[in-house]
S.K.: 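Before I ask anything, let me first share the structure, which is written out below as structure tokens.
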Amino acid sequence: MAASDDGPVSAEFIKDLVLINELVASEGQLGPTLRAVYDSEDGGAVQSTFLEGLDSYTKRMDTEIERMCNKYYQGFIDSIEELLQVRPGASKLKELVVEAGQGLDQSGEALLQGTDDVVQWRTTQRNILLAIEALTNCLPVLKLFCKINTQLAAKRYYPALKALLELENVHLPRVSKYTFAQRIRERVPLLRKRVKAAAHDELQDFLASIRDRSGKVGEAAMKQVLSSQNAKISDFSEKEMPVDLCASDLADFSALYRTLHIYQVLGCRHECEQYYREERKKQVQLVLQPVAKLDTLPAYSDYFFQIAGFFLVEDTVLSTTEGLIERQWADEVWESAVARIAGVLEIHLSNCKTSETICSVKELIALFNQTLQGYGYNVGRLFEILLQVRERYTAVLLEQSHETFGELMLADNFAPVMVHTEEEYRAIADLFPFGDRVFQEAPLPKTFPFSGIVPAIYRQLRDFIDTSVKFVSDLDLSHTEVDELVRKATNQMLSRVVTVAIFNYIERCSNPLHLAQISVNATHLEAACAELERYVSSITHSRDDEVHVTRLHGATAFKDVRQACEDKIYAILQAKIDEFFDLGEYDWTPPEDPGKASDFVYDMLAYLTTISASLATILRDVAKSVYIETCKYINRKFLALVQDDTVKRMNMNGFRTFGMDVEMCEQYADNCPLAAPGDALCQDIFAPLRQLADLVLKWDWASFLDDAVRVRKYPAVRIDVALGAIVKYDDTEKKSFLFKSSDEKRRGREKEQIIKRLRALADGP
């Protein structure tokens, strides 16, 4: 400190001054300052300097204190005196304070005791209120939880789910701090699963029950439509039931609605929709596949009841629920069902053998169409199914008609119908359109040109047309379409049944007279087809002069019948001629001249004469054609005899018999009763035989070998036939050349020359 007075301030002085100021300014924490003094590198010098500085500072402060005391001493003395004057009052005041304190202590003890009681009661009251509040919050949770379990046990799942949602969202958050609330919250997902599983089971039960009730629903709906039409289907159902019921009356949909609401509340409605649609698709496949064979009307009724019920249930679901199914989905299921129905009907109707059943099935399908159409389903393809049913119906009618027409053919006597009274005449004239005015005006008794089978066939055709029109009358077709369908069906009857039955009889028939009458019958049936066309137009309400795509094929069909009759007559007579020739055993080498024609030729020509005369009374044109054809066939048979390879030898006696046989045939041809005067009907038919017989009998080979003479004299004899005859000709017994006469030797040499020249002519230039 002295350095500051005597000379310049040194660094050590400044440092000590700083340390002393820090020591003075510190509020009781002297350690850091003192540590700085004693921890310096030059500890002894620093400490000494610091102590010196501290002593100097202390002395300065003492001087300052003394100066300050001297300045305020008198004021201090005055204050002391005042304090001495106040002391007695302070003592008294102290006594009063002590006395008041003692009283206050006594009063405070009682107040403190009361306060403790109040605090205790207030604590008890708060605890009671807290307990009441806790019970108020917990009791509804417990009651609601018990209620949920009770509802689940009673299978009231939708109320249980609503209560569960209330418990979870409203009550449990209020008691979340309690352990039992945590336990209940842990059970909530399990309860949800339980409700969902129960709802799923209920949905399954509903699907099973609605599957069983679908038939009743469909039956009620179809009967309601039938009742509105005042119509009736025979054997429609064995059970009577009200017809004013709807699907919701016969089936309980509440389970479905509950299940749908439960799934919606659970947030998984799409699962319900998907499961419902999948199961219903499976059910419709079962419905569309009949369990048993469809062979009776009740079986078909049950089949269509089930299908109708299924789609009516879907229509109810579509209209009473939102989004469970969609119209597009229902239409897709319907379209696939229609295709399946068509396949089922095609299979089962193909085995149906009675037209009555098919007709009833058609009426049932039509009713099914009207029922489903009333609920908005597109039934266009079902009308196509009805057309397929019509085709099967026509086929069954044709099958049944086969037997009918076969019996008619067997029952007919194939003799023209004779009537003796007006009643008999009207019975046929009213049934069959025979418009011959001359015949109508002829007196009784009179004979129709046809046999009894003609009006019978015409009546069957009319009945078939009536039945066909009745079948297609309610198929929603135009008059033109009905007319075309009936005409096609009638053509099938003509081509597949009527003509087939006639052809079958023709094939078995061996009586030419019956065949001739069948040909006459076919002519009149062909003429009656025009009347059938007019009849079809009248009952189908189409114009008779309208250009139809389809015409009745009666002309073609019955023309074929007539041709078949003629062919069969030819075949029968040819077979009979073959029989005569086979039984005749033609002898080409008789030892003597018989002097007459062969016996079988007499018999054959007598038979043919009788047949021709009988045929002429029935069908003159056919008889004339038969007469000509039999002559030609006899000619061919005799030529075949000449060329028969089994015939190795012919003699002159044999050719003489051959010549007389030819002469008999020529007489038969010339005496034809069917030929008009001057009409050479059978002229020159036997010319080949006559010229061959003359050639051999007259031994006129020289003329035959001359081309010019042959053309004029023997134009009908073929060279190969003449060659065969000369080769087989041998009028001598089998003996050595040395024992033959000179004429025999000469004729033998001529024969060899003739054969050589004929072979040359046969081989050509």
Side-chain angles (χ1 to χ4, degrees), residues 414 449 499 502-503 505-523 526 558-584 586 597-598 600-644 658 660-693 715-718 721:
F414 295 101
T499 55
I502 297 175
F503 281 130
Y505 186 84
I506 290 173
E507 185 177 353
R508 297 191 303 269
C509 182
S510 60
N511 189 332
L513 301 181
H514 286 184
L515 294 171
Q517 185 61 58
I518 292 173
S519 181
V520 174
N521 293 345
T523 301
E526 178 183 347
F558 293 114
K559 186 180 295 183
D560 294 339
V561 168
R562 292 199 304 273
Q563 186 61 48
C565 289
E566 294 178 14
D567 293 342
K568 188 58 184 290
I569 292 173
Y570 299 151
I572 291 173
L573 294 181
Q574 289 171 2
K576 193 66 176 179
I577 291 171
D578 291 339
E579 182 180 349
F580 279 115
F581 272 89
D582 293 338
L583 295 176
Y586 207 83
S598 301
F600 82 90
V601 175
Y602 282 103
D603 297 337
M604 177 179 67
L605 296 180
Y607 169 79
L608 294 176
T609 301
T610 303
I611 290 296
S612 299
S614 300
L615 290 176
T617 61
I618 301 174
L619 196 61
R620 188 174 183 83
D621 292 338
V622 174
K624 185 184 297 185
S625 176
V626 167
Y627 206 95
I628 296 173
E629 291 300 322
T630 53
C631 290
K632 291 180 179 180
Y633 190 71
I634 293 172
N635 178 72
R636 291 195 297 271
K637 288 296 292 183
F638 273 112
L639 288 176
L641 283 178
V642 175
Q643 294 178 290
D644 189 359
F658 176 75
M660 287 183 284
D661 291 341
V662 172
E663 183 178 358
M664 287 291 297
C665 293
E666 289 174 330
Q667 293 176 2
Y668 171 77
D670 294 339
N671 296 329
C672 176
L674 303 174
D679 183 10
L681 185 64
C682 300
Q683 186 177 5
D684 297 333
I685 291 179
F686 294 104
L689 300 180
R690 168 49 55 201
Q691 293 174 15
L692 177 63
V717 179
R718 299 200 315 265
V721 176

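Position 1 is the first residue of the sequence, and the numbers go up from there.
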S.K.: Drop me the distance from N635's CG to R690's CZ, to the nearest 0.5 angstrom.
M.R.: 12.0 Å
S.K.: In a check of ring-ring contact (aromatic ring centres under 6.0 Å, His included) between F638 and each of F581, F580, Y633, which one passes?
M.R.: F581
S.K.: For Y607 and P512, which heavy atoms make the closest approach, and how far apart are they?
M.R.: OH-CG, 4.5 Å
S.K.: Going by side-chain contact (heavy atoms from CB on, under 4.5 Å), name the residues that satisfy it together with S598, two or more places apart in sequence or in a different chain.
M.R.: Y586, F600, V601, T657, D661
S.K.: Counting only heavy atoms from other residues, nucleotides and ligands, does the tally under 6.0 Å from NZ of K632 exceed 12?
M.R.: no
S.K.: Identify the two heavy atoms, one from A716 and one from A687, that lie closest to each other, and give their separation to 0.1 Å.
M.R.: CB-C, 4.0 Å
S.K.: Donor-acceptor pair, distance only, cut-off 3.5 Å: does the side chain of E629 make one with the backbone of Y570?
M.R.: no
S.K.: What's the separation between atom CG in N521 and atom CD1 in I502, rounded to the nearest 0.5 Å?
M.R.: 7.5 Å
S.K.: Which heavy atom in F686 sits nearest to a heavy atom in A669, and how many Å separate them?
M.R.: CE1-CB, 3.8 Å
S.K.: Are any non-hydrogen side-chain atoms of V642 and L689 less than 4.5 angstrom apart?
M.R.: no
S.K.: Going from CZ on F503 to SG on C509, what distance comes out if it is rounded to the nearest 0.5 angstrom?
M.R.: 14.0 Å
S.K.: Starting from the C-alpha separation in whole Å, work towards a yes-or-no answer on side-chain contact (heavy atoms from CB on, under 4.5 Å) for V721 and L692.
M.R.: CA-CA 8 Å; V721 176; L692 177 63; 3.7 Å; yes
S.K.: Please check: side-chain N/O of T523 versus main-chain N/O of S519, any donor-acceptor pairing under 3.5 Å?
M.R.: yes
S.K.: Within the structure provided, determine whether Y668 and T630 are in side-chain contact (heavy-atom separation under 4.5 Å).
M.R.: yes
S.K.: Please examine the side chains of L608 and I634, heavy atoms only from C-beta on, and report whether any two atoms are closer than 4.5 Å.
M.R.: yes
S.K.: Under 3.5 Å, is there a donor-acceptor pair between the side chain of Q667 and the main chain of V662?
M.R.: no
S.K.: To the closest 0.5 Å, what do you measure between CG (L615) and CD (Q517)?
M.R.: 11.0 Å
S.K.: Determine the sole option in L573, I518, I506 for which the side chain to side chain contact (heavy atoms under 4.5 Å, CB included) test with K568 is passed.
M.R.: I506
S.K.: Could you pull out all residues at least two apart from F414 that satisfy ring-ring contact (aromatic ring centres under 6.0 Å, His included)?
M.R.: Y505, H514
S.K.: What I'd like to find out is whether the side chain of K637 reaches to under 4.5 Å of the side chain of M604, using heavy atoms alone.
M.R.: no
S.K.: Once rounded to the nearest 0.5 Å, what's the spacing between atom CD1 of I611 and atom OH of Y627?
M.R.: 12.5 Å
S.K.: For residues V520 and P449, report the shortest heavy-atom separation together with the two atoms involved.
M.R.: CG1-O, 3.3 Å
S.K.: Is it true that D578 and Q574 share a donor-acceptor pair across their side chains at a distance under 3.5 Å?
M.R.: no
S.K.: Closest approach of L513 and S614, non-hydrogen atoms and distance?
M.R.: CD2-CB, 3.2 Å
S.K.: What is the minimum heavy-atom distance between Q691 and P715, and which atoms define it?
M.R.: OE1-N, 3.2 Å
